[in-house]
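In what follows, a single structure is set out as structure tokens and then discussed.
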Protein chains: 2
Amino acid sequence: MQMMSLNGEVMRCSSCAIRHRAVCGALSEDELAAINAIARQRIVKAGETILNADEEITFFANIVAGSVKLTKIMADGRQQIVGLQFAPDFLGRAFRERSPYFAEAATDVELCVFPKKEFERLLSEKPGFEMRLFQDTLNELDAARDWMLLLGRKTASEKVASFLEMIARRSPMIGCAHTAEQAGVSFHLPLTRSDIADYLGLTIETVSRQIGKLKSAGIVELHATREVSVTDMDGLRAAASSEA
Amino acid sequence: MQMMSLNGEVMRCSSCAIRHRAVCGALSEDELAAINAIARQRIVKAGETILNADEEITFFANIVAGSVKLTKIMADGRQQIVGLQFAPDFLGRAFRERSPYFAEAATDVELCVFPKKEFERLLSEKPGFEMRLFQDTLNELDAARDWMLLLGRKTASEKVASFLEMIARRSPMIGCAHTAEQAGVSFHLPLTRSDIADYLGLTIETVSRQIGKLKSAGIVELHATREVSVTDMDGLRAAASSEA
DNA sequence: CGCGGATTTGAACTGAATCAATCGACGTGG
DNA sequence: CCACGTCGATTGATTCAGTTCAAATCCGCG
């Protein structure tokens with residue numbers, strides 16, 4: 001039994017998978033009806049572009065399912081992933097005309113899209129909503145700074161271990177976790193080797209070699225190239241900060 | 001002739017050097033009086049700690065003059081500067097109990113300090129004020145992501161050129177600019193070689209060598225180790241993104 | 001079953017780190 | 001006024017982690 005919004009449309013939000021974890025969680029029932037009225041679903045296949053760098057921003061979105069990579073690209077083709085977002089993250093740069101980066105679906109993605117104008121109006125009318133987005137932004141900034149330490153100062157093996165540890169830790173939220181076998185965590189990697197390399201500031205070859213080392217060290221197992229089991233989480237954590 | 005606040009104190013804000021550029025710019029005269037009442041000046045000498053990592057946050061501040069570095073440090077001593085802030089930037093991490101990084105004065109610094117509680121109350125009562133801080137945070141996030149591209153994908157010479165270009169561009173705002181001689185820009189470096197290395201993810205030796213190369217290429221001149229003149233700004237920009 | 005992109009593996013190379021002096025500016029005290 | 005010590009910066013020689021170039025090999029999929 002679904003609620004109806006004022007204009008008679010089905011109230012999708014009430015059955016939304018990320019209803020309580022997304023920014024919308026800061027909204028009341030009435031406000032939710034308002035946002036429901038302007039929201040549209042959009043499915044993006046893995047590898048497709050969501051927003052180009054320098055493209056005019058016309059919408060914002062919640063990630064309902066899947067993974068999105070935010071990438072910076074240099075004139076000569078070198079690229080760096082500067083943000084990785086999963087459900088229920090918010091996607092978009094408020095208060096700016098053009099996108100400062102390239103947003104692409106890393107896996108198949110389901111978005112809940114809001115037109116820019118209406119969303120910004122809602123934002124200015126609901127201080128609690130803006131505060132929630134502000135807090136999310138601060139968390140993203142903290143994450144970006146953690147990643148700066150990784151990019152600037154960690155070795156290749158620490159980088160790869162840190163990445164796998166991060167995915168393992170977040171896999172239940174990301175929705176890529178398999179039923180936890182035995183003691184370890186198992187999950188499907190949301191990124192290709194090439195994406196991992198672009199996220200860590202390495203080459204694919206180095207990523208592959210370092211994953212190989214973790215495998216021979218008995219810290220992880222690979223069932224397929226993108227199916228990982230962490231068999232020694234403590235060992236992985238140690239490898240991530242080189243305390244071993 | 002200075003204004004008096006309600007409690008009779010001198011209204012310092014009205015003569016503040018960063019009055020119109022700092023977050024306080026979002027406040028009305030009344031609100032300014034309120035914040036003036038809780039603000040205190042604090043002078044920090046170069047090299048002194050403003051806030052330790054994991055230390056409980058008890059205050060926020062505006063940087064009135066000087067440069068502050070935000071640093072992440074690993075257990076084995078490796079460190080990475082994850083943010084560099086200048087007047088009139090805002091200093092502090094709202095909505096969090098403990099500081100996610102170490103904040104240290106890079107040069108002598110003058111701060112305008114607000115106690116946490118009062119500041120947060122003001123923040124929640126004045127939506128415009130919170131929005132202003134939100135916008136500043138988004139800009140910091142953009143800057144952090146630009147730096148991630150630098151850390152992950154640029155070469156040592158590109159990193160050093162990018163850094164000098166950034167300082168040259170911002171030197172008028174930072175207050176380290178000398179009267180512009182001839183065509184070029186001259187300024188005082190707000191960081192030591194060691195700090196520059198920690199900001200770029202390099203060693204001091206590499207930083208020194210790359211600055212040397214820019215000097216022999218006729219792009220910059222060094223009057224003293226920290227006194228720089230950019231004689232070929234286009235050349236510097238080209239070296240920063242390797243389009244040359 | 002075979003094709004094509006993704007991944008792994010190997011060998012050689014190189015950019016930046018490391019190790020090691022030396023230099024220079026500045027403040028202190030003889 | 002100059003020798004001395006300190007700290008930051010430069011310069012040089014060597015090493016090594018990670019890249020580059022070049023083949024295999026592995027899957028996923030029609």
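Labels below follow one simple rule: chain letters A, B, ... track the order of the sequence lines, proteins then strands, and each chain is numbered from 1.
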Donor-acceptor contacts under 3.5 Å from residues 204-213 of chain A side chains, at least two apart:
| residue | atom | partner | partner atom | Å |
| --- | --- | --- | --- | --- |
| A/T206 | OG1 | A/T203 | OG1 | 3.0 |

Between [X] ([atom1]) and [N] ([atom2]), how many Å, whole number?
{"X": "B/I204", "N": "C/dA16", "atom1": "CD1", "atom2": "P", "answer": "17 Å"}
{"X": "B/R193", "N": "D/dG8", "atom1": "CZ", "atom2": "P", "answer": "12 Å"}
{"X": "B/D76", "N": "C/dT18", "atom1": "CG", "atom2": "P", "answer": "11 Å"}

Counting the atoms with a prime plus P, OP1 and OP2 as sugar-phosphate, which does B/T192 contact under 4.0 Å by heavy atoms, base, sugar-phosphate, or nothing? sugar-phosphate
Using a heavy-atom cut-off of 4.0 Å across all strands, would you classify A/L200 as base, sugar-phosphate, or nothing?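 Counting heavy atoms under 4.0 Å across all strands, no contact is made by A/L200.
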Suppose we screen for salt bridge (charged side-chain N to carboxylate O under 4.0 Å, His left out). Which residues come up paired with [X], at least two apart in sequence or across chains?
{"X": "A/R98", "result": "none"}
{"X": "A/D136", "result": "A/R132"}
{"X": "A/D142", "result": "B/R93, B/R96"}

4.5 Å side-chain heavy-atom contact, A/T137 and B/L141: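 They are in contact (side-chain heavy atoms under 4.5 Å apart), so the answer is yes.
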Residue pair A/R42 / A/V44, side-chain heavy-atom distance below 4.5 Å: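 They are in side-chain contact.
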Quick check: closest heavy atoms across B/V185 and B/A168, and the distance to 0.1 Å? CG1-O, 4.1 Å
Do any N or O atoms of the protein come closer than 3.5 Å to N or O atoms of nucleotides 15-17 of chain D, and which pairs are they?
none

Would you be so kind as to tabulate the donor-acceptor pairs closer than 3.5 Å made by side chains of residues 46-63 of chain B, with sequence neighbours excluded?
| residue | atom | partner | partner atom | Å |
| --- | --- | --- | --- | --- |
| B/E48 | OE1 | B/K45 | N | 3.3 |
| B/E55 | OE1 | B/N52 | N | 2.9 |

Residues from residues 209-217 of chain A sitting under 4.0 Å of DNA chain C, heavy atoms only? A/R209
ring-ring contact (aromatic ring centres under 6.0 Å, His included) filter on A/F114, not counting sequence neighbours, yields A/F119
Letter by letter from the 5' end, nucleotides 22-30 of chain D scores (B base, S sugar-phosphate only, - none; protein heavy atoms under 4.0 Å) ------S--
Which pairs count as salt bridge (Lys or Arg N to Asp or Glu O under 4.0 Å) when at least one residue sits in residues 101-116 of chain A, sequence neighbours excluded?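 Counting only pairs at least two positions apart or across chains, the salt bridge (Lys or Arg N to Asp or Glu O under 4.0 Å) contacts touching residues 101-116 of chain A are A/K69-A/E104, A/K116-A/E120.
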If a pair satisfies side-chain hydrogen bond (donor to acceptor under 3.5 Å, both in side chains) and one of its residues is in residues 71-85 of chain A, list it, with sequence neighbours excluded.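 Listed by first then second residue: A/K72-B/D146, A/D76-A/R78, A/R78-B/E158, A/Q79-A/D198, A/Q85-A/E140.
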Double-helix bend of the helix from C/dC1-D/dG30 to C/dG30-D/dC1, axes at both ends from 5 pairs, round to 10°, gives 20°
